[in-house]
Amino acid sequence: MQIQYAERIRTLPPYLFAAIDQMKREALSKGADLIDLSIGDPDIPTPKHIVDAMKKAVENPEHHRYPSYEGMLSYRQAVARWYKRRFNVELDPEKEILSLIGSKEGIGHIPLAFIDPDDIVLVPSPGYPVYPVGTKFAGGISYFMPLKEGNDFLPDLNAIPEDVRKKAKLMFINYPNNPTSAVATSDFYREVIAFAKKYNIIVCHDAAYSEVYYEERPLSFMEIEGAKDVGIEFHSLSKTYNMTGWRIGYAVGNREILAGLGKVKTNLDSGVFQAIQEASIVALDTDDSILKEIRDIYKQRRDILYEGLRAKGFEVKKPFATFYLWVKVPRGTSSIDFVAKLLKETEILCTPGVGFGEYGEGYIRFALTQSKERIKEAVDRIGRLSL
Ligand SMILES: *Cc1c(COP(=O)(O)O)cnc(C)c1O
């Protein structure tokens, strides 16, 4: 029998992290003392009191059955409390909050609810690869909005051609941004809301890194007047509480948009394991001291790597948020070639910018997901790099 993949799978670009994994395996098989700064997955464990809450919840037989599709009301109420406390935003737990099996799940599925074949989705480049892939799976077409340093890595909405604006149904934005580490201003969000209203475009803001910050607290899109009329915000416990393996997140905002996403989900999945929701309620109700501890760890790492890269002559901005450093590669080198060179000469692995889209070329991304000691070691090795 001949197995043939569907067009939508065949024409996918190779998943960035699969290619990186291959490079990593080869280096490891040669016995490299690898410092892996390539993947945005916190190395710090989930706080103990959250794990303890999970242990207790898992014993309760009530949680062994199918969960509700939209999430337990108690979980959605905890999200509402968290939004009120953190952003002073009021949300109706019944209609304006939807649980997700990690925010990636919701991001990947939302185009299925709103995109018909050949509809346009506005997608940032560089950006999280799930935005264009989710778009493609729904039959839509990504129009890539370049994020350029000269515009503080915000998309220039004025540069989007009129015919594209008219055909666009949905837009993804993401601040604090992966991979550039940029943060957005309220002015930018106001501009997005006006643009979305004028052209009838659904805004999907990905706020996965809102709690990983070092200076000012990043805004929620939902804090801005009119945001709930045009969009939703994706959020995740993954990066905030070091819970990437648990698979839980949520979307909040416009109830009709959430109902559309919910309709897709009720037909594809059966919600989040309730014991995980119980533990997540405990996480969301934790006071902020624990988040401060996590931020302080990343801040120390950030300063070490930032200083080390600057000392070597790299062009890099000190991130105000996220655990990424977005670094220019020396002129005349492609990002992939530079990643390969760095791996070969220093046994450090980072991510080529082009993996996040065409406009990521010319950059590499370092993730601060190794200990301070390992990052110090990485800086020593970078110091010896031949440039
Ligand atoms: C990590 C990440 C996510 C999603 O994480 P989940 O674990 O699926 O909640 C979403 N968006 C961006 C930009 C990310 O980096």
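No hydrogens, no waters, no symmetry mates; every other heavy atom, side chains included, goes into these values. Just follow the structure's listing: the first ligand is 1, and inside any ligand the first atom is 1.
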Side chain, backbone, both or neither: the part of [X] lying under 4.0 Å from ligand 1 by heavy atom:
{"X": "Arg247", "result": "side chain"}
{"X": "Ser103", "result": "both"}
{"X": "Phe234", "result": "neither"}
{"X": "Asn174", "result": "side chain"}

Exactly one of Pro132, Pro124, Pro126 clears side-chain contact (heavy atoms from CB on, under 4.5 Å) with Phe144, and that residue is Pro132

Just how far is it from atom CZ of Phe273 to atom CZ of Arg247, taken to the nearest 0.5 Å? 15.5 Å

Minimum heavy-atom distance Ile115-Ile120, with the two atoms named: CD1-O, 4.5 Å

Any atoms of ligand 1 less than 4.0 Å from a non-hydrogen atom of Gly102? List them with their elements. 8 (O), 9 (O)

Scan Phe234, Phe172, Tyr189 and name whichever one has a ring-ring contact (aromatic ring centres under 6.0 Å, His included) with His205. Tyr189

Asn178 to ligand 1: N or O pair under 3.5 Å? yes

Would you say Tyr324 has any N or O atom under 3.5 Å from an N or O of ligand 1, going by distance alone? no

List the closest protein heavy-atom neighbour of [atom]: residue, atom name, distance to the nearest 0.1 Å.
{"atom": "atom 12 (C) of ligand 1", "value": "Asp206 OD2, 3.4 Å"}
{"atom": "atom 2 (C) of ligand 1", "value": "Lys239 NZ, 2.5 Å"}
{"atom": "atom 9 (O) of ligand 1", "value": "Ser236 OG, 2.6 Å"}
{"atom": "atom 7 (O) of ligand 1", "value": "Ser238 OG, 2.6 Å"}
{"atom": "atom 15 (O) of ligand 1", "value": "Tyr209 OH, 2.6 Å"}

State whether Phe356 and Arg365 meet the cation-pi test: NZ (Lys) or CZ (Arg) under 6.0 Å from the six-membered ring centroid, and within 45° of the perpendicular axis. no

Name the residue from Asp380, Asp33, Asp43, Asp36 that meets the salt bridge (Lys or Arg N to Asp or Glu O under 4.0 Å) definition with Arg374. Asp33

Tyr175 ring center near Phe221 ring center (under 6.0 Å): no

Can you tell if the side chain of Tyr83 reaches within under 4.5 Å of the side chain of Ile97, non-hydrogen atoms only? no

